[in-house]
Amino acid sequence: MRKIKYFQAIHEAHSQSMEADDNVIILGLGVPGPTGIFGTTKGLVDKFGEARVLDMPSSEQGMTGVALGMTIAGYRPVMIHMRVDFSTLAMDQMVNQVAKWHFMYGGKMKAPMVFRMIIGRGWGQGPQHSQSLQAWFAHIPGFKVLMPTTAYDAKGMLLSAIKDDSPVIIFEHRWLYNVDGIVPKDPYEVNLNSARVLHKGDDITIVATSYMVLEALKASEILSKHGIKPEVIDLRSIVPLDIDTIYKSVKKTGSLVVADTGTINFGISAEIISRLMEMDHSVLRNIPKRIGLPFCPSPTSPSLAEKFFPRANDIILCVCDILDLDKNILSKEGDKEQWHDVPDSSFTGPY
Amino acid sequence: MRKIKYFQAIHEAHSQSMEADDNVIILGLGVPGPTGIFGTTKGLVDKFGEARVLDMPSSEQGMTGVALGMTIAGYRPVMIHMRVDFSTLAMDQMVNQVAKWHFMYGGKMKAPMVFRMIIGRGWGQGPQHSQSLQAWFAHIPGFKVLMPTTAYDAKGMLLSAIKDDSPVIIFEHRWLYNVDGIVPKDPYEVNLNSARVLHKGDDITIVATSYMVLEALKASEILSKHGIKPEVIDLRSIVPLDIDTIYKSVKKTGSLVVADTGTINFGISAEIISRLMEMDHSVLRNIPKRIGLPFCPSPTSPSLAEKFFPRANDIILCVCDILDLDKNILSKEGDKEQWHDVPDSSFTGPY
Amino acid sequence: MDNLLKLFESMLRIRMVEEMIAERYSEQEMRCPTHFCLGQEAVPVGVSSHLRHTDYVYSGHRSHGHYLAKGGSLKAMVSELYGKETGCALGRGGSQHLNDLDAGFIASAPILGGTIPIAVGSVYSTKSNVTDKVSVVYFGDGATEEGIFHEALNFASVKKLPVIFVCENNLYSVHSSFDVRQPKDRNIADIGPAHKIPSVRANGNDVEEVMKIAGDAINRARDGGGPSLLEFMTYRWLEHCGPNKDLDLSYRTKEEMDEWLSKCPIKLFETKLYKKNILNKESRFRIEQKILKEINSAFEYAKKSPFPDPQTLFDYTYVKS
Amino acid sequence: MDNLLKLFESMLRIRMVEEMIAERYSEQEMRCPTHFCLGQEAVPVGVSSHLRHTDYVYSGHRSHGHYLAKGGSLKAMVSELYGKETGCALGRGGSQHLNDLDAGFIASAPILGGTIPIAVGSVYSTKSNVTDKVSVVYFGDGATEEGIFHEALNFASVKKLPVIFVCENNLYSVHSSFDVRQPKDRNIADIGPAHKIPSVRANGNDVEEVMKIAGDAINRARDGGGPSLLEFMTYRWLEHCGPNKDLDLSYRTKEEMDEWLSKCPIKLFETKLYKKNILNKESRFRIEQKILKEINSAFEYAKKSPFPDPQTLFDYTYVKS
Ligand SMILES: Cc1ncc(C[n+]2csc(CCOP(=O)(O)OP(=O)(O)O)c2C)c(N)n1
Ligand SMILES: Cc1ncc(C[n+]2csc(CCOP(=O)(O)OP(=O)(O)O)c2C)c(N)n1
Ligand SMILES: [Mg+2]
Ligand SMILES: [Mg+2]
């Protein structure tokens with residue numbers, strides 16, 4: 001059972017997909033460079049050459065169109081944005097062309113593209129560098145939208161995405177890159193339509209995305225010590241949305257917390273709650289709660305960021321509210337640390 | 001009680017706001033031109049000059065930044081996109097700069113800007129010209145997002161928006177431009193935070209936005225004839241969201257249909273349902289239903305568009321489903337018309 | 001058939017197709033926004049005269065001429081305008097979403113500038129021996145105001161890709177004249193050299209001039225010489241969108257219109273061909289009749305074709321695996 | 001004080017501030033991405049020598065030098081880096097969001113090219129008698145790859161607005177060298193003429209040359225002559241983001257670095273001033289001490305300033321009415 005880090009799992013997926021198919025190419029600013037997108041593309045250029053591991057100008061809009069054009073030449077491009085915020089410059093090409101490319105020519109064209117978008121938090125990334133826009137892409141018919149949490153999924157989902165003939169957007173959280181996980185060496189694919197129950201429980205359902213899954217697991221551990229058994233679900237894919245797995249759990253627990261990396265308002269948690277209601281308006285025996293970014297831009301100062309980005313304690317707080325529990329359950333661990341804007345002490349910022 | 005058309009109400013608001021304040025300017029491609037954005041800006045250039053009623057290059061991104069810059073010079077620009085789809089080219093400036101402009105400099109800067117965005121449906125506008133992206137803007141902290149339905153609100157909300165020191169996005173539906181309404185001649189403002197109950201009823205709550213309000217009213221008329229009394233709420237503003245008015249109604253009726261002009265999935269109806277659940281998970285006595293665009297791009301052919309864009313009958317169908325009524329209530333009127341892609345017979349396309 | 005005659009026929013065919021669409025448009029059965037290219041026929045015909053089936057062509061909202069000149073199926077285009085299942089985009093797209101892969105007409109789409117980088121990417125190659133396939137993308141003067149145009153030029157130049165950027169400068173973007181949108185005395189062709197791309201501005205109503213200039217650019221591209229930017233001056237006769245004249249809007253003058261009408265690309269070329277004895281009244285009539293027959297049968301075909309089945313609405317949102 | 005001495009002091013001050021930030025950065029108390037401008041001090045100092053408090057300046061991610069040269073408050077900047085309430089953006093923005101309205105430094109923001117059109121719009125006027133306020137916007141060579149740069153040039157040229165576009169070409173965008181991003185032999189200054197904007201490329205490490213060229217452009221702008229594009233060649237000494245050297249990444253060579261270190265803008269100018277007897281060891285020492293005192297007090301002030309109250313998180317999302 002080999003353990004490697006999340007970023008290494010992505011690297012391996014890239015390498016294996018490029019070995020298997022000459023038409024797979026990667027592009028993005030700095031992709032062949034010395035730091036290789038947090039190590040995820042490092043050294044690939046030596047193996048596959050500059051024509052397949054492509055640097056590019058800072059022309060997000062134009063280069064998205066160029067990448068779409070490459071599919072006409074038979075390529076399967078993977079485009080990388082170091083921050084999802086930079087994709088706002090490419091929104092026209094992504095939404096008006098890529099997402100609709102197959103549909104608007106009656107199925108005659110295909111856009112087998114993958115977009116890797118990095119999201120993050122903390123360390124003063126600030127207003128223009130810490131958004132988490134999965135709700136936007138999920139709102140646009142034509143995209144598949146993935147948020148792998150584990151190293152296993154990071155590899156398997158990227159391999160699946162590259163093989164998929166529809167455009168796929170993958171959100172990767174910066175704070176996951178150094179997290180270990182069991183990852184088979186051989187290539188494998190992950191079903192793009194299934195949430196994963198990570199932790200069984202009967203008392204409350206916690207659905208989480210990406211990095212918030214780790215916080216949910218922490219919360220769940222603390223809650224378990226106090227006799228509360230949450231069921232933790234790693235959503236994994238936003239589109240398609242595996243509502244059945246969530247429904248089954250909520251049917252059992254009657255209670256729901258959704259913890260997402262994005263802004264709460266008009267975000268993906270709302271869709272989950274609504275779908276449950278449309279299936280069964282009385283499935284919830286308590287009010288549901290949504291955890292995510294509050295309704296203001298991302299502040300830079302650590303004193304504000306600490307309040308802005310939710311952590312395990314916020315999940316615990318919600319669970320206590322919903323189940324009417326004593327809030328003394330709250331973990332005190334967090335408070336011992338001076339700074340709350342790093343995933344662990346090895347992280348020395350800024351990126 | 002003077003009645004004028006929706007587009008005339010907008011024109012009047014523009015004219016009055018520019019008379020009242022020399023710093024108000026309008027810009028957009030064709031704004032001073034002979035057709036004047038469906039008549040809403042027609043002739044203003046003669047009254048206020050080319051420097052305040054500005055044509056511009058097709059540079060949506062750059063011109064949004066230019067308009068933001070104008071606020072530094074003391075102006076209050078109103079920027080017009082003939083279709084919201086064109087704003088996807090300006091998403092970086094709108095989301096990364098305009099929305100965060102006040103926040104990211106600690107309150108020292110302000111962006112008193114208004115964006116008028118036209119949405120529409122039918123007549124073959126097709127995949128790249130009929131989106132309705134209010135959910136996107138509502139997801140971004142910093143914007144206010146309005147969807148006036150009546151001529152009264154079209155004028156009053158535009159006047160309020162222009163006076164507002166925060167950036168305001170106004171969605172106007174093409175099929176509303178020729179609808180009459182009572183509009184006072186003098187300038188007036190409309191509270192940007194209140195949904196309006198247009199039709200009282202006890203049986204079911206229909207919350208609708210923009211043009212879908214008209215369809216909801218049609219549905220309500222037909223339902224009323226059959227003894228069903230819906231309460232119809234014109235949402236009017238998406239951000240801020242007047243959830244209390246909706247809650248009060250749903251508390252009474254126990255049933256809910258939300259009818260929006262945008263894509264259902266991850267759209268604004270989900271937020272409404274979720275907020276209700278967060279307030280009171282047992283407020284719904286039946287499953288809620290969402291009406292909006294199905295999850296595919298907008299097709300051009302009338303045969304497909306007819307199924308794609310929802311109408312009054314779709315609302316009736318939902319109400320019948322929720323309240324378990326006989327579907328013979330369904331209006332047959334629609335079926336008499338050959339084409340379903342026009343608001344009325346005076347409309348001869350394409351824009 | 002004589003090459004020049006072919007050019008003439010191709011222009012006349014575009015003209016006649018557009019006229020027929022214009023005539024029937026008011027029947028309100030082609031229910032999609034339609035941008036006519038009457039008056040602008042010489043550019044696509046001159047350019048296409050050098051193109052092979054395997055070369056790629058892209059366009060924007062005003063794309064009928066580009067599609068037809070490249071050999072796109074007339075039936076499939078007319079059917080698309082009627083929103084029929086037999087349309088080139090199966091009715092999903094309409095006039096602004098043409099596509100005929102057999103003819104190498106890859107895509108048109110109405111968002112300004114949207115297809116420009118796509119054209120660039122489609123001739124990218126990871127092999128050292130670059131294909132001699134070239135890619136042509138047409139766009140208007142207005143589209144050059146979009147940043148994406150400049151981004152596409154830059155990348156095409158960095159990689160020396162075989163792309164011909166063809167700007168049809170008809171002086172207007174909808175009703176806005178050039179000088180409210182761009183520096184008055186700028187040539188769009190000037191933008192090429194800023195990106196180290198050879199550029200020419202030329203008369204877009206003279207099909208032979210277009211042919212010559214396009215030929216140079218296309219040959220250079222095939223020889224690995226990289227991209228070119230061509231600016232052809234021309235003029236739109238009808239309203240921006242739709243089948244009518246629009247002098248009543250008075251954003252342009254009757255004098256200007258008359259001047260350009262007198263520079264009709266077809267009439268100019270026809271006169272030359274008469275003089276050269278390549279064409280005469282009789283042969284012209286025969287060509288016209290042949291085209292008319294083709295057009296009538298295309299319309300008949302389109303009109304009697306079925307609409308897409310509403311049950312297929314969701315098809316093509318995602319690729320079926 | 002002698003004007004040249006002022007230039008020197010301004011450059012030295014930027015240098016010393018950056019060095020102090022670099023020194024203290026590893027304490028991990030300035031918790032925001034920080035882009036240093038060591039080696040690039042001459043450009044903002046030369047440009048600012050012609051600017052008034054009422055003129056506007058804008059910048060991107062690498063903005064300390066631009067802010068300081070324009071007279072932005074050092075205390076407010078250092079406090080901003082520490083995320084303090086006394087910061088110029090009240091801690092909301094960090095290093096990449098500087099602002100000092102009193103000094104006419106309007107805004108920096110890290111999205112590439114983002115502030116370029118804002119700078120343009122801010123000197124738009126509806127009055128016929130255009131203000132003689134000028135607007136300067138700094139950006140890197142990488143930012144010129146964004147379409148928005150070209151859109152902003154076009155509009156500034158159409159309206160002949162008094163904007164000075166200042167490109168600091170330091171050959172790299174993060175770790176990517178110029179030639180993988182732009183045509184190898186292009187000057188960024190070449191993009192100006194394509195938009196009918198006068199342009200110059202010059203040595204960005206020679207503060208006097210910068211001053212001369214910027215002066216011409218700024219004076220022309222004040223006289224209603226419209227925008228200019230200036231490209232100054234310079235070099236970044238430290239890593240793209242952060243306080244360290246980065247030759248170990250080997251995306252650039254030691255030879256290249258050494259060559260540029262030898263072209264240190266401060267050393268070059270200092271030598272000249274010594275020769276001209278405008279500066280000597282002693283006066284230099286006094287200047288240095290004065291600056292050091294200012295810097296120390298700014299850091300002290302910043303460190304002892306309070307963090308923003310977490311309760312104020314939502315403030316400034318919307319303007320309070
Ligand atoms: C991004 C974008 N903005 C605006 C429009 C609206 N629009 C459609 S056609 C057109 C005019 C374009 O002018 P030009 O490029 O010169 O082409 P022409 O119509 O003259 O052939 C405009 C502004 C659009 N389609 N896309
Ligand atoms: C739109 C956008 N894309 C990418 C980035 C990431 N980024 C930050 S700085 C930088 C390098 C820019 O290079 P240049 O403009 O030459 O400035 P320099 O760092 O050399 O001063 C990049 C790519 C960004 N901030 N914004
Ligand atoms: Mg034009
Ligand atoms: Mg640089």
Side-chain angles (χ1 to χ4, degrees), chain A residues 27-37 45 50 54-63 65 82-83 85-86 88-90 92 120 122-130 293-309 338-342 345 347-351, chain D residues 25-26 28-34 61 80-85 87 89-97 109-114 140-148 173-177 180-182 240-242 246 248-251 306-318:
Chain A
L27 70 166
L29 190 86
V31 160
T35 50
I37 317 288
V45 66
E50 284 184 2
L54 227 75
D55 216 318
M56 69 174 213
S58 289
S59 310
E60 287 83 357
Q61 186 88 278
M63 291 309 298
M82 284 281 283
R83 285 193 169 64
D85 311 70
F86 305 157
T88 58
L89 286 84
D92 162 43
W123 233 102
Q125 301 300 309
Q128 297 189 334
H129 279 58
S130 10
L293 306 183
F295 207 60
C296 63
S298 168
T300 302
S301 174
S303 78
L304 298 171
E306 181 179 347
K307 196 177 169 198
F308 182 77
F309 290 105
Q338 191 198 347
W339 303 107
H340 296 82
D341 57 355
V342 287
S345 57
F347 189 98
T348 59
Y351 289 118
Chain D
Y25 195 73
S26 60
Q28 300 253 320
E29 291 192 12
M30 288 176 268
R31 296 176 87 77
C32 60
T34 301
H61 55 289
E80 189 60 34
L81 267 72
Y82 276 92
K84 298 301 179 72
E85 197 180 66
L90 280 64
R92 269 66 182 174
S95 162
Q96 305 185 96
H97 296 270
I111 289 278
L112 286 183
D141 46 300
T144 67
E145 295 148 17
E146 298 288 0
I148 199 168
S173 172
V174 194
H175 309 136
S176 303
S177 65
V180 301
R181 305 176 281 114
Q182 300 196 28
H240 166 65
C241 179
D246 69 354
D248 55 308
L249 293 179
S250 60
Y251 65 93
F307 279 111
D309 178 355
Q311 297 307 321
T312 64
L313 174 64
F314 289 95
D315 289 4
Y316 318 125
T317 306
Y318 294 93

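In what follows, every chain begins at residue 1, and chains take the letters A, B, ... in the order their sequences are listed.
In this structure, D:Arg92 CZ and A:Cys296 SG are separated by 9.0 Å, a value rounded to the nearest 0.5 Å. The distance from atom CG of D:Leu313 to atom CZ of A:Phe308, rounded to the nearest 0.5 Å, is 7.0 Å. The structure places OG of D:Ser173 at 10.0 Å from CE of A:Met56, a figure rounded to the nearest 0.5 Å. With rounding to the nearest 0.5 angstrom, the CD1 atom of D:Ile148 is 12.5 Å from the OG atom of A:Ser59.
Applying the 6.0 Å contact sphere to CD of D:Gln28 captures more than 12 heavy atoms from other residues, nucleotides or ligands.
Looking at A:Glu60, both its backbone and its side chain come within 4.5 Å of chain D, counting heavy atoms on both sides. Residue A:Leu54: no heavy atom, backbone or side chain, is found under 4.5 Å from chain D. Contact of D:Asp309 with chain A is made through the backbone alone, with heavy-atom distances under 4.5 Å. Looking at D:Tyr318, the atoms closer than 4.5 Å to chain A (heavy atoms on both sides) all sit in the side chain, from C-beta outward. Residue contact with chain A, scored on non-hydrogen atoms closer than 4.5 Å, is absent for D:Ala143.
Top candidate by heavy-atom pairs under 4.5 Å with chain D, chosen from A:Met63, A:Gln61, A:His129, is A:His129. Contact count against chain A (heavy-atom pairs under 4.5 Å) is highest for D:Cys241 among D:Ser95, D:Cys241, D:Gly113, D:Ser26. For the options D:Tyr82, D:Tyr316, D:Tyr251, D:Phe314, heavy-atom pairs under 4.5 Å to chain A are most numerous at D:Phe314. When the candidates D:His175, D:Glu146, D:Glu80 are compared by the number of heavy-atom contacts under 4.5 Å with chain A, D:Glu146 comes out ahead. Taking A:Asp85, A:Leu29, A:Thr88, A:Val342 one by one and counting their heavy-atom pairs under 4.5 Å with chain D, the maximum is reached by A:Leu29.
Contact record, A:Gln125 with D:Pro33: NE2-CG, 3.8 Å, taken as the closest heavy-atom pair. The two atoms that bring D:Ser176 and A:Gly30 nearest to each other are OG-N, 3.7 Å, heavy atoms only. Across D:Gly142 and A:Ser58, no two heavy atoms sit closer than the pair O-CB, 3.9 Å. Taking all atoms of both residues into account, the shortest heavy-atom contact from A:Phe86 to D:Ile111 is CD2-CD1, 3.8 Å. Nearest heavy atoms, A:Pro57 versus D:Glu145: CA-OE1, 3.2 Å. Summarising the geometry of A:Leu304 relative to D:Pro310, their closest heavy-atom pair is CD2-CA, 3.9 Å, with the distance given to 0.1 Å.
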| request: Please report the C-alpha distance between D:Gln96 and A:Thr300 in whole Å, then the side-chain angles of each, then the deciding distance to 0.1 Å, and finally whether the side chain to side chain contact (heavy atoms under 4.5 Å, CB included) criterion is met. | output: CA-CA 10 Å; D:Gln96 305 185 96; A:Thr300 302; over 6 Å; no
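In this structure, the side chains of D:Gln311 and A:Lys307 come closer than 4.5 Å at one or more pairs of heavy atoms.
Using a cut-off of 4.0 Å between Lys/Arg side-chain N and Asp/Glu carboxylate O, D:Arg181 and A:Asp55 are scored as not salt-bridged.
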